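These values consider heavy atoms only, across backbone and side chains, with no hydrogens, waters or symmetry-generated copies. Nothing here was measured: the structure is a model prediction, and the numbers come from that model.
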Amino acid sequence: MALPERDAVAAFVALGANLGDAAATVRAAMQALGQLPHTSLVRGSGLYRSAPLLASGPDFINAVACIHTALSAPELLLQLQQLEQDFGRRRPYANAPRTLDLDLLLYGQGVIHSARLELPHPRMWQRAFVLLPLAEIAPELVGEPLLASVSGQTISRL
């Protein structure tokens with residue numbers, strides 16, 4: 001007997017890359033999000049260039065996507081990690097340059113504090129490379145005070 005399908009939840013995913021053709025990678029990864037099981041891409045932000053924050057290497061290309069998914073948050077996290085690997089992600093050391101970085105920012109109204117997953121993402125409110133693209137696609141989630149709090153971080157829309 002098949003289990004009933006869960007209702008779809010709106011989730012937000014941050015995308016970033018700073019190795020290879022980072023812009024092409026972020027665009028391709030955004031499309032790949034919509035191909036995940038029980039998931040559809042609702043909207044993606046434009047691309048932004050930002051200086052590495054607590055990381056090394058060239059500038060990052062960043063974006064944020066809104067998806068609807070029937071996957072649970074832990075299932076979605078596993079799918080995102082698989083996508084990173086599919087795009088050649090390696091983790092030789094903390095904050096190493098990366099071909100693709102996918103961070104689950106928000107999962108509906110979900111709040112999770114586990115060893116594998118924290119929702120909302122614990123540092124998203126301190127990062128211009130998350131807040132500016134998020135404000136583009138979901139302005140109701142990001143107010144002017146939050147944007148002002150990250151105004152000193154170097155970022156530009158492509």
The side-chain contact (heavy atoms from CB on, under 4.5 Å) partners of A65 (sequence neighbours excluded) come to L15, M30, L33, L41
Distance, nearest 0.5 Å, that separates CG of L47 from OG of S156: 11.0 Å
Listed once per pair and sorted, the salt bridge (Lys or Arg N to Asp or Glu O under 4.0 Å) pairs that draw on residues 32-50, sequence neighbours left out: none
Heavy-atom pair of closest approach, residues L119 and A73: CD1-CB, 3.8 Å
Here's a test for you: under side-chain contact (heavy atoms from CB on, under 4.5 Å), which of L158, L132, V130 qualifies with Y48? L132
Residues at least two apart in sequence or cross-chain that pass side chain to side chain donor-acceptor pair (under 3.5 Å) with S50, listed by chain then number, are N62
ILVMFWY cluster, V42 and V26 together (side-chain gap under 4.5 Å): no
Identify which one of L105, L104, V64 satisfies the side-chain contact (heavy atoms from CB on, under 4.5 Å) criterion when paired with V13. L104
Listed partners of Q153 passing side chain to side chain donor-acceptor pair (under 3.5 Å), at least two apart: none
Can you name the side-chain contact (heavy atoms from CB on, under 4.5 Å) partners of Q85, sequence neighbours left out? Q82
Shortest non-hydrogen contact from I137 to C66? CD1-N, 3.8 Å
Looking at residues at least two apart in the chain, or sitting in another chain, which of them share a side chain to side chain donor-acceptor pair (under 3.5 Å) with T99? none
Correct closest heavy-atom pair for Q126 and P122 would be NE2-O, 4.4 Å
Any pair counted as salt bridge (Lys or Arg N to Asp or Glu O under 4.0 Å), so long as it reaches residues 108-124, sequence neighbours left out: none
T69 vs L36 side-chain heavy atoms within contact, under 4.5 Å: no
V150/I155 under side chain to side chain contact (heavy atoms under 4.5 Å, CB included): CA gap, chis, key distance, verdict: CA-CA 10 Å; V150 297; I155 186 168; over 6 Å; no
Do L71 and I112 sit in the same hydrophobic cluster, where Ile, Leu, Val, Met, Phe, Trp and Tyr count as joined when their side-chain heavy atoms come under 4.5 Å apart? yes
Taking only residues two or more places apart in sequence or in another chain, which ones pass salt bridge (charged side-chain N to carboxylate O under 4.0 Å, His left out) with R157? E136
Applying side chain to side chain contact (heavy atoms under 4.5 Å, CB included), run through E75 and H38 and close with a yes or a no. CA-CA 11 Å; E75 290 169 335; H38 312 290; over 6 Å; no
Looking only at heavy atoms, the pair that brings A22 and A17 closest together is CB-O, 3.4 Å
Taking only residues two or more places apart in sequence, or in another chain, which ones meet V9 in a side-chain contact (heavy atoms from CB on, under 4.5 Å)? Y107
Counting N and O atoms only, with roles assigned by atom type, does the side chain of T39 sit under 3.5 Å from a partner on the main chain of P37, one being a donor and the other an acceptor? yes
A side-chain contact here means heavy atoms from C-beta on lying under 4.5 Å apart; do D59 and N18 qualify? no
Please give me the minimum heavy-atom distance between A63 and G46, naming the atom from each residue. CB-O, 3.7 Å
For A138, what residues pass the side-chain contact (heavy atoms from CB on, under 4.5 Å) criterion, not counting sequence neighbours? F12, L134, E140, L141
Nearest heavy atoms of F60 and G16, plus distance in Å: CD2-C, 4.3 Å
Sorted by chain and residue number, the side chain to side chain donor-acceptor pair (under 3.5 Å) partners of D21 (sequence neighbours excluded) come out as none
